[in-house]
Visitor: 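Below you will find the structure I want to go over with you.
Every chain is numbered from 1, with letters handed out A, B, ... down the list of sequences. Side-chain atoms are counted along with the backbone in the values below, which use heavy atoms only and exclude waters and symmetry mates.
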2 protein chains.
Amino acid sequence: MKHHIENLTEKLLSRNIKPSYQRIKILEYLTDNCTHPTVDKIFCDLHKEIPTLSKTTIYNTLNLFLEANLVRVITIEDNETRYDIDTTNHGHFKCQNCGEIYDFEADIENIKVDGLNNFIINDKSLYFKGICGKCQSA
Amino acid sequence: MKHHIENLTEKLLSRNIKPSYQRIKILEYLTDNCTHPTVDKIFCDLHKEIPTLSKTTIYNTLNLFLEANLVRVITIEDNETRYDIDTTNHGHFKCQNCGEIYDFEADIENIKVDGLNNFIINDKSLYFKGICGKCQSA
DNA sequence: TTATATAATTGTAATCATTACAGATTACAA
DNA sequence: TTGTAATCTGTAATGATTACAATTATATAA
């Protein structure tokens, strides 16, 4: 799949983020790789194409994107922070065997809760763990 | 609230965990302090009473408890791993202002999901973030 | 009881992810 | 063109967690 640089640039500008080369490339990577990558994965992959890219820039850029709600963090596992370009409401499933993270649809908005009267809710995350279909077949 | 050592001991024995002094004290702490403490919080508090206690022991013990399903991990924030003695299904709300974590009831078992056919689900977590009632009043 | 083996605990060192920071580079406006 | 601010980079610092070896405690067998 091919993304137009103009679209990425506009997306950044619409959030008041200056569209530098690095930021566009990182946004492009996230858009093309909806695999909930870690910082290390992003760095290793992009480093092949941009040898001068620094890991610090990836951290800085992702934090910038986070502030602007361009990405969301997935903290399903305590030792690995992952990033998701898809900020619509959906759940994440992590396979305890192969480690892969799957998206799934869930009606998170309408979950019935009790005990949060007068609380302002800004963010909802739903995480499942278990064994994926592939690993059961194998 | 006062807990009988016998109950704690039995709880450990029922999971095939040898009830050492340290393990009982850590389990007692978790039972008395349902505040979803971090390892550091547990260490600092217990260290006053047991100066010889090692942080490594707390890590080891918590991992042991995790394996035995005596506690569950809360990974609502990517930079702080917390532990919850209450393993029944409930949600966690983190206040983005004061940092406090609140429990809330939620019908997690019956959430309608799509896209997880043939998946075995072992664990479900629901995390909300926002502003708690106290912080809004202040 | 005593000797021995096994398990648990401890403290230090190693590891890994993330952030802090200062210098270099780039973008942009006067 | 020049100066200023923003961005990027690389290294060092930080902090959480784990690895590991030595010590201590516990359980078992003679």
Visitor: Quiz question: by atom type and distance under 3.5 Å, do the side chains of A:Thr88 and A:Asp86 form a donor-acceptor pair?
Guide: yes
Visitor: Taking 4.0 Å as the cut-off, does a side-chain nitrogen or oxygen of B:Ser20 come that near to OP1 or OP2 on C:dT9?
Guide: yes
Visitor: Looking across every strand, which nucleic acid part, if any, lies under 4.0 Å from A:Asp78 by heavy atom: base, sugar-phosphate, or nothing?
Guide: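 Nothing: the residue A:Asp78, judged by heavy atoms under 4.0 Å, touches no strand.
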Visitor: What nucleotide, of D:dT7, C:dT18, D:dT9, holds the atom closest to the side chain of A:Lys18?
Guide: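 Output: D:dT7.
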Visitor: Which of these nucleotides, C:dT18, D:dT17, D:dT9, is closest to any side-chain atom of A:Tyr59?
Guide: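 Output: C:dT18.
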Visitor: In terms of the nearest nucleotide of DNA chain D, which residue is placed more toward the 5' end: A:Pro51 or A:Leu64?
Guide: A:Leu64
Visitor: Among the nucleotides C:dG11, C:dT9, D:dT7, which one has an atom lying closest to any side-chain atom of B:Ser54?
Guide: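 Nearest to the side chain of B:Ser54 among the choices is C:dG11.
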Visitor: Report yes if the side chains of A:Tyr127 and A:Thr75 come closer than 4.5 Å at any heavy-atom pair, otherwise no.
Guide: yes
Visitor: Could you tell me whether a side-chain N or O of B:Glu105 sits under 3.5 Å from a main-chain N or O of B:His90, the two making a donor and an acceptor?
Guide: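 No.
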Visitor: Which distance, rounded to the nearest 0.5 Å, do you find between the CD1 of B:Ile24 and the OG1 of B:Thr31?
Guide: 11.5 Å
Visitor: Find which nucleotide of DNA chain D each of B:Tyr21 and B:Thr81 is nearest to by heavy atoms, and output the residue with the more 5' nucleotide.
Guide: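 So the residue in question is B:Thr81.
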Visitor: With both distances under 3.5 Å as the test, what is the Watson-Crick or G-U wobble partner of D:dT7?
Guide: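 WC or wobble partner is C:dA24.
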Visitor: Choosing from D:dC8, D:dC20, C:dA20, which nucleotide comes nearest the side chain of B:Thr56?
Guide: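 So the nucleotide nearest the side chain must be D:dC20.
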Visitor: Suppose we define a pair by two distances each less than 3.5 Å, Watson-Crick or G-U wobble; what does C:dA29 pair with here?
Guide: D:dT2
